Amino acid sequence: MTLDLFASPRDTACHDSPHIDELGPGAFVLRGFAQSQLTVLQSNIDAVVAQAPWRHWLTPGGKRMSVAMTNCGDVGWISDRQGYRYGTHDPLTAQPWPSMPDAFATLARHAAETAGYRDFAPDACLINRYTLDARLTLHQDRDERELGAPIVSVSLGLPAIFLWGGLQRSDRTRRVRLAPGDVVVWGGPSRLVYHGIASVEGSFDAQAVRYNLTLRKAQ
Ligand code: MD3
Ligand code: FE
């Protein structure tokens, strides 16, 4: 392969990523990038949840988060009265977190590469589950030791309205609709951008939920 120092992420788009939106410097939405893998991703989520069940963490302030979470990989994201952190074991089962499915790591590496980040090797995957009433308030992802690596997020299930802000909490936010199969990659100057989930798009299907995989290099 010819090394092209000036290749933009748009130039490397493949059939799986017909459309790329740039959210800001180093931040991209790869529309439908995971579309062809939704079934295998979902069965891997189900396998993780069989070992490490959904739970609602408490914030350090003692509030129950509306988003249900679990993890896979070498370390998982934990929140309780002691604070936010990564840990090797599930506090609920006292077992190590289930290992990262190959399908997750491979998809994340390909998505990162498509966005211009080479050799992304995530060691942590937070899995979020949103019911219609769940929200994730504006926050930064800054509990990782490795702030040089990008983050890759994959949306499944119901669509959601994602809030994308700036480097200060008070910066104005943009609303971006994330549909199942959309993959977001952000790093570099956008790594510490404030973001959140404003709402999940309604449906009368009682079973309907949104899932999000957040793949990170935590350590
Ligand atoms: C950040 N999850 O778990 S990831 C989280 O959909 C989290 O479950 C959300 O934030 C979720 O910490 C959002 C998607 C995302 C997309 C674009 C971003 C986060 C971003 C752009 C800049 C910064
Ligand atoms: Fe986040």
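Fair warning: this is a prediction, and the values are worked out from it, not measured in the lab. In each ligand, atom 1 is the first atom listed, and ligand 1 is the first ligand listed. All values below come from the heavy atoms of this structure, side chains included, with hydrogens, waters and symmetry mates left out.
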Show the short N or O contacts, below 3.5 Å, that ligand 1 makes with protein N or O atoms; if there are none, say 'none'.
from     : atom 1 : to   : atom 2 : distance (Å)
ligand 1 : 3 (O)  : N128 : ND2    : 3.1
ligand 1 : 6 (O)  : R210 : NH1    : 2.9
ligand 1 : 6 (O)  : R210 : NH2    : 3.1
ligand 1 : 6 (O)  : N212 : ND2    : 3.4
ligand 1 : 8 (O)  : N128 : ND2    : 3.0
ligand 1 : 8 (O)  : Y130 : OH     : 2.5
ligand 1 : 8 (O)  : N212 : OD1    : 3.3
ligand 1 : 10 (O) : H139 : NE2    : 3.2
ligand 1 : 10 (O) : H195 : NE2    : 2.9
ligand 1 : 12 (O) : H139 : NE2    : 3.1
ligand 1 : 12 (O) : D141 : OD1    : 3.2
ligand 1 : 12 (O) : R216 : NH2    : 2.8

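For the pair I78 and P91, the minimum side-chain heavy-atom distance is below 4.5 Å. Put simply, the side chain of R55 reaches to within 4.5 Å of the side chain of D90, judged on heavy atoms. Side-chain atoms of S199 and R135, non-hydrogen and from C-beta on, do get closer than 4.5 Å to each other. Side-chain contact check for L156 versus L213: some heavy-atom pair is nearer than 4.5 Å.
Residue W186 forms a side-chain contact (heavy atoms from CB on, under 4.5 Å) with just one option from D141, L23, V29, L192, and that option is D141. The residue from T88, V75, T70, D74 that alone fulfils the side-chain contact (heavy atoms from CB on, under 4.5 Å) condition with W97 is T70.
Excluding water, every protein N/O/S atom under 2.8 Å from the Fe ion (ligand 2) is given here by residue and atom: H139 NE2, D141 OD1, H195 NE2.
V154 and W54 end up in the same hydrophobic cluster when Ile, Leu, Val, Met, Phe, Trp and Tyr side chains are linked at under 4.5 Å.
Using the six-membered ring where Trp is involved, F162 and H195 have ring planes that are tilted, between 30° and 60° apart.
Among all heavy-atom pairs drawn from V185 and A112, the shortest one is CG1-CA, 4.1 Å.
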